[in-house]
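Read the structure below first, then the notes.
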Amino acid sequence: MPVRVRFAPSPTGFLHIGGARTALFNWLFARKHNGAFILRIEDTDQSRYVAEAEDDFKDGLRWLGMQWDEGPEVGGPHGPYRQSERTELYQKWVNWLIENDSAYRCNMTGDELAALREQQKKLGLKPGYDRRNRDKKLGPDIGPHVVRFKMPLDGQTVVHDEIRGDIVFENADLPDLVLLKSDGLPTYHLANVVDDHAMQISHILRADEWIPTAPLHAQLYRAFGWEMPKIAHLPVILSPTGKGKLSKRDQAFQEGGKQVLVQVREFRRAGYLPEAVVNFLTNVGWASGDDSEVFSPQAAMARFELKDINPAGSKLPYDKLEWLNGVYIREKLSETELADRLVPVLEEAGLTVDRTVLEKVVPLITERMKTLNDAIEKVAFLFGDTVTVNPEDLIQKKMDEESTVKALEAALQALSALETFDHETQEAAMRDLVDELGIKTGQLFGTLRVAVTGQRVSPPLFETMEIIGQETVLERIQAAIAMLQPA
RNA sequence: GCCCCCUUCGUCUAGCGGCCCAGGACGUGGCCCUCUCAAGGCCAAAACAGGGGUUCGAGUCCCCUAGGGGGCACCA
């Protein structure tokens, strides 16, 4: 039986990092087995529907490099792939269940149900639907109604989870869940079972929070007489606050002075590389088993086994993502590729990028970046006409205005005298000057750095000056001297 | 309240009865390199939740307790 898995998000919000991890494990599993990775949009909740969500899912998956084999846009033999377009199918199967005495209609309203629950709580009873219409065989002419599943009242249901092993449930604890809502749309429970069967899904890899309803789904498969796909429940991603799962949060937030990103688009905007995010996510809840930390999806696929997934929930190690992203920037991307990715980021930040200059500076900043966004402040002084210098920054440790001006003037003279302005020549000249002036290299280089870049921290000074060019360098040094000697 | 899942360094994890007085990575601290910042190199501190079993032997198997998480919707 071919492997066919699906990622089936509900379009109620943007692609969440936890959802991306679920998608990733599905994708890895499908690719490992030369199977199909299917995208299905579970849009059966009209009240929570968000129109932009589907595009965000697709953008996110594509950005991360997980192309789906069947689904919206690409089509496939089992479409349509939006549940809202498959309603007749659910209707058909629900009727089949009613005819086979496995489901029944119930016209109790939501308000009545809520009141019942309230009352039960007061009396200390288990809250829940009391199955009052279970055996009445109500017809379709009872006005607004739902269709509920007839759960067995005794016995046990065993769900074999590929990660955890057998999980046993007492049927008596399980409710008669709603299959078809009064608006005629199916609930997740019905739609998911009908579609997984219709789409010939072989393995269900879904989030942990579905474990409690798994026996319900198992009973549905049994009622239909269908073979249930193999199933594995993926551990949840926990919030770094230590309280609950991350998915409760919809957007980035601050925790302990750090930014906690939640949506995939937020990771993208923050300057993370999709390759790094994928690598990072692969290592949460699963590990390569050989202590390697940096690896391609292909390498992960080779070893990926459901049984090796860690069933425990985990927090995202954001610090590790920063480090990994740095690794990808400096070791996995060529200078040209990095420049390509930097251009839109810098332009977005309002800089007018000169590609030639950018390519020269890229080698100087790669090992100083954790995210693409880090490049913005590192190269800004290259793409403006002037730099803003704080005079106090010009004066280095154990120096004063007078000695600083003296040093800058000497440097100005020496640098202007250079025939060639490459960094080796500059450095040789400046080191000679350090000896002449009797100061430390850090003192001279430091004040020059501030004068030329406006920053106390910059890429290596002489390589930077080489890029800026002799003329501009001299101008900036003169400007710095002028700052320290008000007219 | 009821049901279910989970539990190794701060964090992500390796470990599938003896190879573990527990390995790797991030982070943290120290040292080295050094024109700043990085990167890099070296070193260090840091964990089997607790208690019972089973066994010649338990981080690894079983039970209990505790803690964490999830679910108990006409949401997925």
Side-chain angles (χ1 to χ4, degrees), chain A residues 8-12 42-45 47-48 106 108-110 113-114 117 121 124-129 144-148 159 161 163-164 167-170 172-175 177-183 185-189 191-192 206-215 233 235-236 238 240 242-245 280 283-294 307-308 310-324 326 330 364-370 374 378 396 427 430-431 434 440-446 448-450 453 455-462:
Chain A
S10 184
T12 54
E42 307 221 330
D43 55 348
T44 54
D45 183 357
S47 62
R48 295 198 306 162
C106 175
M108 203 173 173
T109 66
L113 220 37
R117 270 196 291 269
K121 270 186 199 164
L125 300 169
K126 290 195 249 193
Y129 176 63
H145 63 274
V146 301
V147 177
R148 286 182 181 271
V159 174
D161 184 286
I163 298 170
R164 285 157 251 261
I167 306 175
V168 182
F169 299 84
E170 294 295 329
D173 294 330
L174 273 19
L177 75 164
V178 171
L179 300 177
L180 201 69
K181 298 180 273 187
S182 56
D183 63 3
L185 291 176
T187 58
Y188 169 82
H189 311 292
N192 140 273
R206 61 169 24 162
D208 218 340
E209 64 219 40
W210 293 105
I211 292 178
T213 50
H233 291 93
V236 288
L238 269 17
K243 287 184 188 296
K245 55 177 184 176
F280 166 69
N283 247 341
V284 177
W286 183 81
S288 67
D290 67 352
D291 286 343
S292 62
E293 298 282 341
V294 185
K307 67 172 176 53
D308 294 332
N310 182 347
S314 48
K315 298 172 190 173
L316 289 180
Y318 286 92
D319 286 342
K320 210 164 181 172
L321 172 62
E322 278 220 332
W323 165 77
L324 244 190
R330 79 182 87 94
L364 304 186
I365 61 172
T366 50
E367 68 193 28
R368 280 161 249 265
M369 283 193 281
K370 291 258 198 289
D374 287 345
K378 296 195 187 303
Q396 301 293 302
E427 181 162 357
M430 289 302 101
R431 285 195 185 275
V434 163
K440 296 248 169 55
T441 50
Q443 293 174 314
L444 206 222
F445 297 179
L448 277 175
R449 182 190 316 284
V450 173
T453 69
Q455 302 168 355
R456 306 183 71 123
V457 174
S458 82
L461 179 62
F462 305 111

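Protein chains get the first letters and strands the later ones, always in sequence-line order, with residue 1 at the start of each.
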I need a per-nucleotide contact map over nucleotides 25-40 of chain B, read 5' to 3'. Cutoff is protein heavy atoms under 4.0 Å; write B for the base, S for backbone only, - otherwise. BSS-------BBBBSS
Counting primed atoms, P, OP1 and OP2 as sugar-phosphate and everything else as base, the B/S/- map of nucleotides 62-67 of chain B against protein heavy atoms under 4.0 Å is ------
Taking only residues two or more places apart in sequence, or in another chain, which ones meet Asp308(A) in a side-chain contact (heavy atoms from CB on, under 4.5 Å)? Trp286(A), Glu305(A)
Applying side-chain contact (heavy atoms from CB on, under 4.5 Å) to Ala287(A) and not counting sequence neighbours gives Asn283(A)
Tell me: [atom1] of [X] to [atom2] of [N], nearest whole Å?
X	N	atom1	atom2	result
Leu238(A)	C6(B)	CG	P	14 Å
Asp161(A)	G70(B)	CG	P	18 Å
Leu113(A)	C72(B)	CG	P	13 Å

Report yes if a side-chain nitrogen or oxygen of Ser314(A) is closer than 4.0 Å to either non-bridging phosphate oxygen (OP1 or OP2) of U13(B); otherwise report no. yes
As its Watson-Crick or G-U partner within any shown strand, both distances under 3.5 Å, U7(B) has A66(B)
Side chain to side chain donor-acceptor pair (under 3.5 Å) against [X], all qualifying residues, sequence neighbours excluded:
X	answer
Lys320(A)	Glu293(A)
Thr187(A)	none
Asp45(A)	Ser47(A), Arg48(A)
Glu367(A)	none

How do Gly242(A) and Tyr129(A) order along RNA chain B: which one's closest nucleotide is nearer the 5' end? Gly242(A)
On RNA chain B, check which nucleotide each of Thr44(A) and Gly128(A) is closest to and give me the residue with the more 5' one. Gly128(A)
Tabulate atom names and distances for all N/O pairs under 3.5 angstrom spanning the protein and nucleotides 2-5 of chain B.
{"from": "C5(B)", "atom 1": "O2'", "to": "Arg164(A)", "atom 2": "NH1", "distance (Å)": "3.0"}

Residues which pass ring-ring contact (aromatic ring centres under 6.0 Å, His included) with [X], listed by chain and number, not counting sequence neighbours:
X	value
Phe445(A)	Phe462(A)
His145(A)	none
Trp323(A)	none

